[in-house]
Amino acid sequence: MSENGFRSYYGRPILKEPTWTWEIPTYFFTGGVAGASAVLSTTAQLTGNEKLARTALYIGAAADLVSPALLISDLGRPERFLHMLRVVKVTSPMNIGSWVLLVSGGASNTAAALELVGRLKPVKLLAEGVSTLAGPLLATYTGVLVADTAVPVWHEARRELPWIFGASAAASAGAAASMFVHPRDAGPARRLAVAGVLAEGALMQVMERRLGTIGEVYRQGEAGTFSRAAKGLATAGAALLATRGRKSRGAAVLGGALVCAGELSLRWAVFKAGKQSARDPKYVVESQRQRIERDGTKATTKR
Amino acid sequence: MALSKLLDSWPTLRQLREGDPLGVGRAVQSPRSKTLTARIDEADHVVGSVCPYCAVGCGQLVYVKDGDVAHIEGDPASPISRGRLCPKGQASRSYVQSPLREYKVKYRRPYGTEWEELSLDDAMQMIAERIVATRAETWRRQTPGGAPANRTMAIGNLGGATLDNEENYLIKKLMTALGVVQVENQARI
Amino acid sequence: MPGLGTSFGRGGATTFQQDLQNADCIVIMGSNMAENHPVGFQWVMEARERGAKVIHVDPRFTRTSAMATKHVGIRAGSDIAFLGGIANYILENDLYFREYVQHYTNAPVIIDEEFVDTEDADGLFSGWDPEAGRYDIESWRYEGMEVHGAAGQRGEGFEPRGEQSGHGAAGGGLKHGEPPAEDPELEHPRCVLQILKRHFRRYTPELVADTCGCSAEDFLEVCETLVANSGRERTSAFCYAVGWTQHTTGVQNIRTAAIVQQLLGNIGRPGGGIMALRGHASIQGSTDIPTLYNILPGYLPMPHTLSYPTFENFVGANTSPTGWWGKFESYWVSLMTAYFGEHATKENDWLFGELPRIDSDNSAYFTVRQMLEGNVRGYIIAGENPAVGHANGKAHRLGLAKLDWLVVRDLVEIESAAFWYESPEIESGELKTGEIATEVFFLPAAAHTEKDGSFTNTQRLLQWHRKAVEPKQDCRSELWFYFHLGRRIKQKLADSDEERDRLIKAMRWEYPTHSAVEEPDAEAVLQEISGREIVSGKFLSGYPELRDDGSTLCGCWIYSGCFADGINQTARRKPHWEQASYVAPDWAWAWPANRRLIYNRASADPEGNPWSERKRYVWWDGDEGKWTGVDVPDFKEDKEPGYVPPDDAEAEDAIAGDHPFVMQADGRAWLYVAQGLEDGPLPTHYEPHESPFTNQLYAQRANPRRQQNKDLAEDPYNPVADEPGAEVYPYVVTTYRLTEHHTAGGMTRTVPHLAELQPEMFCEVHPGLAREVGLEHGGWATIYTSRSAIEARVLVTERMRPLRMKDGRTVHQVGLPYHWGQRGLVTGDSANDLAHMALDPNVHIQEVKAFTCGIRPGRRPRGPELPKFVAELREQAHSETT
Amino acid sequence: MSAPDGLLTYGDEQQKRVGFFTDTSVCIGCKACEVACKEWNLIPADGNTWTGESYDNTSALGANTWRHVAFIEQDKPVRTDQDGGTALRSRLEAPADEPSAPGPEDRGAPSTALRWLMESDVCKHCTHAACLDVCPTGALFRTEFGTVVVQQDICNGCGYCVPACPFGVLDKRHLAPAPDLPAFAKEDGRVWKCTLCYDRLKGGHEPACAKACPTKSIQFGPLDELREHADARLAKLTDDGWNGAQLYGRDPEDGVGGFGAFFLLLDEPEVYGLPPDPVVTTRDLPEMWTNMLAAAGALVVGVAATFVGRRS
């Protein structure tokens with residue numbers, strides 16, 4: 001019964017692995033792109049960078065179209081996707097997320113459409129305003145979504161995850177924009193990408209250190225592979241953007257692509273880490289036993 | 001009109017109206033949940049029965065719906081089992097409705113390589129003929145030693161511990177009258 | 001159940017499950033009650049929660065052991081040594097319940113001086129005939145009593161034995177229920193108690209430890225607990241099942257417990273008794289109303305080829321001058337009237353001369369031999385699966401392949417119906433479908449929910465189950481099948497003048513039918529079983545009303561009254577919470593006479609007062625002048641405790657007021673069984689037919705009277721004990737059931753929700769054995785005997801305790817559930833293919849609880865390689881013998 | 001006792017909160033509860049896999065197993081006053097070399113102790129239930145009896161409740177779709193778990209598993225009564241010196257506010273595959289939301305910052 005220090009039931013998992021499939025980590029990425037792009041677009045507009053504003057707007061709108069599609073296809077009963085809007089539940093990040101996605105998606109696509117046809121300017125401005133408010137939420141709530149579970153490596157990282165996801169969103173939005181905007185106008189996008197990558201790198205460090213043993217899954221198995229890939233790709237892309245992004249269009253495109261790939265891998269790393277963490281009863285038992293040790297008492301619900 | 005009905009049934013509004021702001025209780029209760037009933041309360045009739053497995057003799061209640069067994073559970077009135085059942089007894093419905101259950105007579109002719117169809121009536125007729133013929137050919141009035149025998153040793157009947165008393169009674173009565181003495185079952189203790 | 005029948009008078013559990021809650025100690029032995037009778041086990045748990053000791057003595061640590069307050073592991077097949085040791089402990093320390101033993105048992109009776117005990121003949125009783133391989137029991141008799149016979153005729157089947165042996169024995173010469181020679185002080189060297197003392201004297205704690213492989217401490221703890229919880233104030237109960245019966249000493253295992261319980265005064269009292277836990281819904285019913293060769297309903301004997309040319313001496317030999325068997329003739333005549341109506345008359349001896357005669361053994365295993373020898377042409381199987389459920393399944397399947405015709409009736413197509421195209425023998429090529437001549441009829445049967453009828457459960461309780469739905473398509477009840485079969489046969493023979501057809505023509509076979517398929521009315525059959533007055537048609541209230549002049553009919557005298565007043569008493573379902581006591585007499589109907597705890601007169605002292613307030617159950621009410629209590633008194637209601645029968649008294653009137661065992665000729669429980677058993681008046685420890693050990697008590701290793709098939713090629717035996725070649729089969733193997741399945745699996749391997757709970761055949765072995773032969777947990781093992789080899793997944797567990805025997809030898813035991821076969825939702829090899837067909841001599845039951853085997857890692861050989869593999873090992877073993 | 005979230009929304013429809021007390025000290029491991037549950041709720045069988053894990057071939061709770069009986073073989077005696085036992089080697093460990101059979105000198109030594117723990121696990125119907133909180137559709141809800149139920153006409157199989165449950169109770173059903181689903185459905189796809197026989201409760205019947213349980217190891221009733229009963233039971237077992245007897249999930253102050261279905265265990269929870277100190281994840285949700293808003297704000301600031309400086 002007692003393998004390496006902790007006891008379990010024939011080594012069987014205590015938690016159930018998340019049933020989510022490839023769509024979800026991919027959505028984390030597209031949602032991030034959509035959310036951050038909205039902010040990028042508006043800010044660009046306010047600072048008179050029309051080209052960047054328009055491109056970011058279109059990128060955001062596109063990402064806002066893909067995202068719900070991904071979510072729906074992951075459902076066990078896709079035909080019931082509207083049930084998400086049956087209620088408003090502040091206790092359910094996924095429910096709130098659905099509303100946010102509805103608002104931000106609706107707004108950004110209205111704005112993009114009006115931009116395209118070039119009419120109803122005030123409505124467009126309103127729509128942009130709305131999506132600018134919704135965007136940052138869309139970009140960060142997914143961090144809460146995964147943190148709000150019993151999976152140790154997710155729940156114990158509840159402080160860092162929204163920040164990491166936000167930084168990752170910023171990086172990918174910036175990178176995406178700098179791929180499609182002429183380097184001359186893509187300065188802010190590049191800086192955003194680079195800054196995002198740097199910030200996220202630092203935050204990952206903090207998170208893994210704080211997680212201790214629980215965090216080891218980020219260095220093991222598929223999660224390990226993805227987080228290493230994420231680091232490598234993002235850093236390389238950021239470096240390229242920083243050094244040659246202003247001069248060479250090609251470098252900008254490649255750099256942007258690398259950063260996007262890196263951010264996608266990051267979401268996959270987090271996703272896989274969750275599965276691995278749920279699979280091994282050790283993380284549940286040890287983290288809870290340690291907590292009892294630390295607090296000298298069992299947990300309570302002070303909500 | 002239809003819209004307002006739709007809105008009324010929209011839990012988001014009910015959350016506010018029915019004092020369930022978090023949307024975890026009454027407001028989100030579905031139509032099905034509201035009108036849910038227990039299968040046993042829908043039964044056409046209930047029959048008192050006894051578990052067919054071991055000899056503890058647990059009381060069972062058999063719930064019947066549309067001519068089929070809808071559910072079987074323990075009979076609380078039984079002083080022996082007090083409504084409780086073991087996994088086997090509890091699976092009685094699945095037993096009488098087993099996916100492997102046979103509903104038609106199967107016939108295998110001598111040296112045959114597969115089952116053939118046969119009507120129940122023909123089967124009964126053929127079995128009766130076999131018994132009469134076998135009996136006639138192998139009847140012994142006496143043992144080789146000259147003692148009375150009045151029997152055939154060429155026919156046997158096996159089974160009874162899982163059958164009803166009335167069934168065992170007819171088996172023993174018929175076989176004795178036929179001079180079949182090799183009548184047996186598991187009850188060898 | 002002659003173990004109980006010969007000891008107490010009736011072949012059924014002496015108590016009822018609910019009463020176990022009143023026990024102060026419960027010994028579960030030869031039973032895995034928690035697993036095989038889980039719902040009945042609730043009453044053991046009730047007792048445990050009230051502070052009772054629960055002792056489980058078993059080769060394995062099972063789910064029952066886990067619930068017990070004490071588990072003692074013993075070697076499979078050493079039960080008599082263990083129980084005999086308890087008897088010795090009680091006798092040597094004078095701890096027996098003296099007043100109970102003096103008055104209520106045959107302890108004071110003096111035995112004939114010709115009697116020689118196994119202690120003095122190295123394991124044989126007097127009367128052993130090595131040629132015939134059987135006992136002449138004359139020397140076992142009570143002193144001063146002639147063993148009456150018909151015209152001096154002696155020979156097999158002469159004495160009433162086996163199932164119906166609870167009566168008749170020691171009949172002749174009893175005066176008012178007292179044998180001629182007794183010593184109430186229990187000191188005469190030839191009185192039963194002294195014989196018993198000498199018989200068990202060598203069953204010391206040390207011998208028990210050496211023979212059973214348990215520790216002397218554990219054994220003594222059991223003895224002390226039992227004794228401490230027996231007597232006036234406290235009672236202990238025994239629960240057993242086929243773990244005791246399925247041995248070549250099956251009946252004597254039960255007899256030993258009967259002796260212990262008599263010595264402790266635990267029979268007929270609340271919280272006491274011997275609870276026989278039976279394994280099928282109506283297995284008790286199928287012995288009461290037997291589908292057995294040697295008896296007729298109510299344990300009336302089938303006439304024997306070698307005895308009783310005339311009805312007079314048949315009746316004479318089976319009528320006990322005293323006790324309830326004194327009315328034998330009225331039971332018999334009423335049955336014949338039920339069978340043959342007006343055709344059976346006093347003039348034609350109630351057709352006695354026409355009745356078929358049996359030999360000493362026409363049991364199922366005898367029939368299989370006959371099949372293999374080509375003497376059986378037709379076989380009907382209804383609700384049994386011998387291809388999987390019987391010992392040496394291979395012999396059975398080969399036998400079926402030699403029949404002309406076979407009828408199988410079941411809910412699903414069981415292995416016994418499919419043997420001709422799907423079986424190990426087809427796989428191995430020993431049988432070829434195209435070469436099997438057997439004509440097979442498979443007829444789908446009706447389930448319990450699809451027919452009316454009664455089951456008799458393990459506590460002699462008849463419970464009616466009503467039809468809930470109509471059977472579909474060709475599905476029919478057995479009642480329908482046999483009724484319409486009989487009808488057709490009667491039609492065919494209606495005009496026959498053949499002598500052989502007289503009985504079938506005479507048979508009463510008119511039962512009302514209903515529904516489109518003409519289903520016979522089960523209640524009409526039950527009415528015939530319960531009995532009626534022929535002229536008035538009045539329903540009988542019980543067997544005291546039966547008459548020997550043909551004016552009453554009764555299909556089963558012990559069930560008489562189950563339809564009293566024209567009411568189906570077995571269908572009564574008054575909720576227990578509406579009844580006055582836990583005895584719940586208004587729930588269904590128990591034989592005899594709706595008594596739930598039998599011999600309950602013994603719950604009062606000889607004067608008729610309760611032994612103690614705590615154990616009050618049935619007592620004599622002096623003011624009312626009758627016996628009263630929470631149950632129906634198992635005694636003539638108004639017979640005073642002090643009643644002394646006059647010398648000319650007969651039958652029940654000859655039983656004294658302080659003799660509670662009213663079915664016995666002397667009204668007393670039998671510690672010593674002078675007549676009725678094939679293998680001895682007292683239980684003696686013998687090794688199983690196949691065991692790795694010699695008998696530590698006697699040169700006689702195994703039961704000398706056990707039935708063997710020495711000359712049958714299909715039933716070869718392993719070399720044993722110190723015989724050369726025994727080391728090829730060095731381990732003890734025991735077979736059993738799991739909670740999740742039922743017997744041969746036909747009722748559970750076909751049910752999805754049960755199949756998934758225990759999906760594969762496995763064997764249970766100790767880590768020590770696993771290391772010894774290299775078995776890997778979760779891997780495969782091949783287990784082999786002289787008969788066959790099977791494969792099973794390996795479950796390594798400390799619950800299979802190895803036992804350390806006298807000479808420091810460790811004995812490992814292999815555990816095998818026997819539920820699997822070739823068909824069903826989950827399949828696997830059948831443990832019974834490994835077992836042999838050596839039998840207990842009294843009831844012809846197989847010894848599947850203890851035999852020997854070899855085991856090795858890996859899967860078994862396939863196809864023709866399998867029989868080759870088995871044969872090679874067998875030859876290896878036997879070549880060393882020669 | 002704090003009312004479970006949502007129960008008070010029923011007003012006059014509200015019933016007494018009911019639940020299970022599963023007393024493993026009388027569990028005989030017969031699995032009647034597993035079968036009773038499947039028979040009543042018409043749950044499909046889901047695989048004939050032999051595990052070799054003692055007598056447990058069910059392995060865990062899941063979409064098709066709402067009662068699961070765990071079997072644990074140990075070398076501890078049942079009661080502390082009994083003699084200790086020889087090492088019961090777990091199948092996971094390599095067989096040690098020293099013989100585990102008693103040595104010759106052991107002849108006549110009392111048999112060593114073994115115990116075989118059996119426990120029927122089930123959904124805990126938490127006072128503060130994470131699955132209920134995180135469900136985005138309201139498919140999971142608190143019934144008028146205080147139990148937590150997945151409404152199969154609502155669940156869209158988003159799977160959020162699956163990792164949210166600290167006990168791994170809920171799971172998605174991948175078997176063939178039920179009749180109430182559209183034809184194109186490849187698999188059921190919804191999440192299933194114990195409903196505490198919601199339909200039976202509505203009819204005034206006790207849940208199937210509790211009714212079947214031969215030894216009343218599973219007891220059903222009003223939760224406050226069950227808690228009193230459990231306290232008394234624990235006191236008795238402690239007096240009788242039972243090894244490791246403890247209540248699990250009885251405390252209304254614990255990380256999930258107490259279980260609606262709680263247990264009396266004879267060893268630490270993790271031995272039975274249960275978390276030693278579960279917490280409802282949404283306890284920390286407010287903190288997470290504020291944290292997220294900060295991050296979101298930071299994102300805006302960060303983006304804005306990238307426009308500061310040189311304008312081309």
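Numbers restart at 1 for each chain; the letters A, B, ... are given by sequence-line order, proteins then strands.
Minimum interatomic distance between C/Val751 and B/Ala91 (heavy atoms only, all atoms of both residues): CG1-CB, 4.0 Å. Pairing each heavy atom of B/Asp75 with each of C/Trp587, the nearest pair is OD2-CH2, 3.8 Å. Nearest heavy atoms, C/Cys475 versus B/Tyr103: SG-CD2, 3.6 Å. For the pair C/Leu503 and B/Ala177, the tightest heavy-atom approach, listed with the atom from each and the gap, is CB-O, 3.5 Å. In terms of heavy-atom proximity, C/Leu485 sits nearest to B/Met124 at N-CE, 3.7 Å. Between B/Pro99 and C/Pro752, the closest heavy-atom pair is CD-CD, 3.9 Å.
One N or O on the side chain of B/Glu167 and one on the backbone of C/Glu478 form a donor-acceptor pair closer than 3.5 Å. No donor-acceptor pair closer than 3.5 Å links the side chain of B/Asn168 to the backbone N or O of C/Ile289. B/Thr162 places a side-chain N or O within donor-acceptor distance of the main-chain N or O of C/Gly383, the cut-off being under 3.5 Å. With C/Trp420 contributing its side chain and B/Pro110 its backbone, the two residues share no donor-acceptor pair below 3.5 Å.
Considering only heavy-atom pairs separated by less than 4.5 Å from chain B, the leading option among C/Gln370, C/Gln459, C/Lys451 is C/Lys451. Ranking B/Arg109, B/Gln60, B/Arg82 against chain C, the residue ahead of the rest is B/Arg82, based on heavy-atom pairs under 4.5 Å. Here C/Trp577 is the residue among C/Phe483, C/Trp577, C/Phe366, C/Tyr421 with the most heavy-atom pairs under 4.5 Å with chain B. If you tally non-hydrogen atom pairs under 4.5 Å between each of C/Gly378, C/Gly353, C/Ala571, C/Pro575 and chain B, the highest count goes to C/Gly378. Here C/Phe481 is the residue among C/Phe481, C/Phe16, C/Trp244 with the most heavy-atom pairs under 4.5 Å with chain B. The candidate from B/Gly67, B/Gly59, B/Ser81 with the greatest count of non-hydrogen atom pairs under 4.5 Å with chain C is B/Ser81. Residue with the most contacts toward chain C among B/Gly74, B/Ala154, B/Gly179: B/Ala154 (heavy-atom pairs, distance under 4.5 Å). Most heavy-atom pairs under 4.5 Å with chain C, from the set B/Lys104, B/Met175, B/Gln182: that is B/Lys104. Most heavy-atom pairs under 4.5 Å with chain B, from the set C/Ala338, C/Pro303, C/Cys556: that is C/Ala338. Ranked by non-hydrogen atom pairs under 4.5 Å with chain C, the options B/Val180, B/Thr176, B/Val69, B/Val62 are led by B/Thr176. Taking chain C as the reference chain and counting heavy-atom pairs below 4.5 Å, the highest number among B/Arg101, B/Arg151, B/Glu102 is found for B/Arg101. The candidate with the highest count of non-hydrogen atom pairs below 4.5 Å against chain B, out of C/Arg476, C/His465, C/Glu384, is C/Glu384.
Heavy atoms of C/Glu450 lying under 4.5 Å from chain B belong exclusively to its side chain. Both the backbone and the side chain of B/Gln125 come within contact range of chain C, judged by heavy atoms closer than 4.5 Å. The contact between B/Val181 and chain C is made by backbone and side chain atoms together, counting heavy-atom distances below 4.5 Å. Contacts between B/Asp68 and chain C at a heavy-atom distance below 4.5 Å involve backbone atoms as well as side-chain atoms. Contact of B/Ile72 with chain C is made through the side chain alone, with heavy-atom distances under 4.5 Å.
For the pair C/Leu526/B/Asn165, no side-chain contact is recorded, criterion being any heavy-atom separation below 4.5 Å from C-beta on. A 4.5 Å side-chain heavy-atom check between B/Pro87 and C/Thr739 finds at least one atom pair inside the cut-off. At a threshold of 4.5 Å between non-hydrogen side-chain atoms, the residues C/Trp405 and B/Ile155 count as touching. Using a 4.5 Å cut-off on side-chain heavy atoms (C-beta onward), C/Tyr582 and B/Pro79 make no contact. C/Asn362 has its side chain within reach of B/Met153: a pair of non-hydrogen atoms, C-beta onward, lies under 4.5 Å apart. Annotation: side chain of B/Val105 is in contact with side chain of C/Pro444 (closest heavy-atom distance under 4.5 Å). In this structure the side chain of C/Thr367 never reaches within 4.5 angstrom of the side chain of B/Leu158, judged on heavy atoms. Put simply, the side chain of B/Tyr95 reaches to within 4.5 Å of the side chain of C/Leu411, judged on heavy atoms.
Here B/Leu163 contributes atom CG and C/Thr291 contributes atom OG1; the two are 7.0 Å apart, rounded to the nearest 0.5 Å. From C/Gln42, atom CD reaches atom CZ of B/Arg84 across 4.0 Å, with rounding to the nearest 0.5 Å.
Using a 4.0 Å cut-off between a side-chain N of Lys or Arg and a carboxylate O of Asp or Glu, B/Arg108 and C/Glu413 do not qualify as a salt bridge. For B/Lys106 and C/Asp474, the salt-bridge test fails: no basic side-chain N is under 4.0 Å from an acidic carboxylate O.
A side-chain N or O of C/Ser454 and one of B/Glu166 form a donor-acceptor pair less than 3.5 Å apart. In this structure, a donor-acceptor pair under 3.5 Å is absent between the side chains of C/His844 and B/Glu184.
Counting non-hydrogen atoms of neighbouring residues, nucleotides and ligands closer than 6.0 angstrom, the CD atom of B/Gln97 exceeds 12 such neighbours. The number of heavy atoms from other shown groups lying within 6.0 Å of CD (B/Glu117) does not exceed 12.
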message: With side chain to side chain contact (heavy atoms under 4.5 Å, CB included) as the criterion, how do C/His448 and B/Val96 come out once you've worked through the C-alpha distance, each side chain's angles and the decisive distance to 0.1 Å?
response: CA-CA 8 Å; C/His448 73 298; B/Val96 298; 4.1 Å; yes
- request: Test side chain to side chain contact (heavy atoms under 4.5 Å, CB included) on C/Arg357 and B/Asn150 and set out the steps.
  value: CA-CA 6 Å; C/Arg357 266 50 176 178; B/Asn150 305 328; 3.9 Å; yes
query: Under the side chain to side chain contact (heavy atoms under 4.5 Å, CB included) criterion, do C/Phe455 and B/Asp164 qualify, and how do the steps go?
result: CA-CA 5 Å; C/Phe455 291 138; B/Asp164 297 341; 3.1 Å; yes
task: Just do the side chain to side chain contact (heavy atoms under 4.5 Å, CB included) check on C/Tyr482 and B/Lys173 with the steps written out, would you?
output: CA-CA 10 Å; C/Tyr482 284 97; B/Lys173 184 177 183 178; over 6 Å; no
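Of residues 126-145 of chain B, those residues lying under 4.5 Å from chain C by any heavy-atom pair are B/Met126, B/Ile127, B/Ala128, B/Glu129, B/Arg130, B/Ile131, B/Val132, B/Thr134, B/Arg135, B/Ala136, B/Glu137, B/Thr138, B/Trp139, B/Arg141, B/Thr143. Contact residues of residues 35-58 of chain B toward chain C are B/His45, B/Val47, B/Gly48, B/Ser49, B/Val50, B/Cys51, B/Pro52, B/Tyr53, B/Cys54, B/Ala55, B/Val56, B/Gly57, B/Cys58 (heavy-atom distance under 4.5 Å).
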